[in-house]
Amino acid sequence: MQQTIKQNIFEKALQRPTVFKDKNLITPHHIPQELPFRDKQIEEIMHNLAHTLHGAKADNIFVYGVTGCGKTCVTKHVMQQLIEFAKAKNVPVDGCYINCRTHSSKYRVLIKAVQEFYPSENFMGYSATFVHEKLINYASEGREVVIVLDEIDMVKDVDDLVYELTRANDEIGKGSISIIGISNNLRFRDNLDPRTKSSLCEHELVFPPYNAEELYEILRQRTEVAFKPKAVQNSAISLSAAFAAKESGDARTAVMLLLRAGELADKKGSEKVSDDEVMQAKCRVEEELIFNMIDTMPKHQKLVLYTIAKLSMEKKPMKTLAGVERKGVLFSGEVYDEYCGVAKGFGESTVSTRWYRQYISELELYGLITTTASGKGMKGQTRFIKLGYEPRRIFESVEKEFK
DNA sequence: CCTCCACAGGAAGCGCAGGAGT
DNA sequence: ACTCCTGCGCTTCCTGTGGAGG
């Protein structure tokens, strides 16, 4: 006997009420149509690229500013507009966007660019000269080509790359190649070869970080399109903006915060995103960051952190050493001894005390622990170590790995 | 005052893996 | 395919520091 087919489990997910109208519009990858507070930058890039529409080479531009200040968004936006316009007017202008984090050498960048211009062919494995020629040929057909190199500081042989691309213009008769380099590393520019610097930085553009009011406006605009009407309280937007502004003026963080807050509201079945959800989302985003960080740590650093968490939880009655008050505060030497025991327990070797101290300084740098130098009343010199985060969560997450 | 303790942290060097050059 | 080079993770060794104790 056949039973009636049960409702598909995903049906329930679809029927579930949500605060979102279109969630895609509030992910950090989405490029919005409007880019507030960046008119000046858009104008400047646009003016420069407009030369290409008259059949002339555009200046190379170097764009820099901290993460999440709109560099990539603005550049992509202007490029998109340029190419759309050129296509509509039938002007031979073309361009491509390359993220140098994934294409981190001259060769890989060139391959990627040529691949964009000849999508039907495969150039992987061809010699660097061949790829170079192919790119020149493409421009020589009378095209003004603009290549955007995002995170350009990640390219190992960046001097070679910029030299080759700028020099290519000497070989091209009609047509040109221009570069837009984007970086959030402010020192990168100063470390460039002087010749590279002068050719890449014909035009420089600085993107300042957003302040709280600007972030508020950005979030408000995104909320309007991504969330259902009145689903997000104004105070929740302000709070997200304030958190992000305090950290670094990073719009990406602000957007992520609001996205997570929306997801939390959905999970709870709430129709509104309030301050509470934003606060919780902030904790979650922080937690995600912390656990990602722990995830990528070397094994023994994890064990050291685990030991600190373990000892902080145990809160052993202190060895009465000159009456030092001890609330979750540990001695450096004591942690090392315990760590050796813990490592043995897991069947692991141990690192030397020197390297252990290195790990401790790093953990402090990450903000996972705080240390203070021993003052009076202590024999010799040591560091007091205190965990800056709830020990149980760390303890459990690391323990899972070694069991 | 000298020595010891219990560390901090710099410098040098070692073994290894992975990439570049030939 | 082979060697050479380089960066990384780590150890060993060393010097420095400041209170405790003889």
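Just so we're on the same page: letters track the sequence lines, and every chain starts at 1. For the numbers below, each heavy atom of this structure counts, side chains included, while hydrogens, waters and symmetry mates do not.
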Cationic tip of A:R38 within the cone over A:Y210's six-membered ring, i.e. under 6.0 Å and within 45° of the normal?
-> yes
How would nucleotides 17-22 of chain B be written as a contact map, 5' to 3', with B for base contact, S for sugar-phosphate-only contact and - for no contact, using protein heavy atoms under 4.0 Å?
-> ---S--
Does A:R383 count as lying over the ring of A:F331, i.e. NZ or CZ under 6.0 Å from the six-ring centre, within 45 degrees of the axis?
-> no
Pull out every protein N or O sitting under 3.5 Å from an N or O of nucleotides 7-10 of chain C, one pair per line with the distance.
from	atom 1	to	atom 2	distance (Å)
C:dC10	OP1	A:Y359	OH	3.4
C:dC10	OP2	A:W355	NE1	2.7
C:dC10	OP2	A:Y359	OH	2.6
C:dC10	O5'	A:W355	NE1	3.4

Look at the aromatic rings of A:W355 and A:Y359 and report parallel, tilted or perpendicular, splitting at 30° and 60°.
-> perpendicular
If only side-chain N and O atoms of A:R383 are considered, is one of them under 4.0 Å from the OP1 or OP2 phosphate oxygen of B:dG9?
-> yes
To the nearest Å, give me how far apart CD (A:E334) and P (B:dC7) are.
-> 9 Å
So is A:K21 actually on top of A:F227's ring, under 6.0 Å and inside 45° of the axis?
-> no
Salt bridge (charged side-chain N to carboxylate O under 4.0 Å, His left out), paired with A:R393, selected from A:E286, A:E399, A:E287 | A:E287
Please state how far atom CD in A:Q358 lies from atom C1' in B:dG9, giving the value in whole angstrom units.
-> 9 Å
Quick one: closest heavy-atom pair of A:I294 and A:K302, and the distance?
-> O-CE, 3.0 Å
Think A:R357 has a side-chain N or O under 4.0 angstrom from the OP1 or OP2 of B:dG9?
-> no
Hey, could you give me the CG/NZ distance between A:L25 and A:K23, rounded to the nearest 0.5 Å?
-> 12.5 Å
Does NZ or CZ of A:K134 come closer than 6.0 Å to the centre of the six-membered ring of A:Y118, within 45° of the ring's axis?
-> yes
What integer distance in Å separates A:Y356:OH from B:dC7:C1'?
-> 10 Å
Rounded to whole angstrom units, what separation is found between the CD1 atom of A:I385 and the P atom of B:dA6?
-> 16 Å
Between the first and last five pairs of the helix from B:dC1-C:dG22 to B:dT22-C:dA1, the angle of the axes, rounded to 10 degrees = 20°
Does the A:Q233 side chain pair with the main chain of A:S274, one donor and one acceptor, at a distance under 3.5 Å?
-> no
Please indicate whether A:Y163 has more than 12 foreign heavy atoms, meaning atoms of other residues, nucleotides or ligands, lying under 6.0 Å from its OH.
-> no
Would you please confirm or rule out a distance under 4.0 Å between OP1 or OP2 of B:dA8 and any side-chain N or O of A:S332?
-> yes
Taking the six-membered ring of A:Y97 as reference, does the NZ or CZ atom of A:K76 fall below 6.0 Å from its centre and within a 45° cone about the axis?
-> yes
Provide, to the nearest angstrom, the distance between the CZ atom belonging to A:F384 and the C1' atom belonging to B:dA8.
-> 14 Å
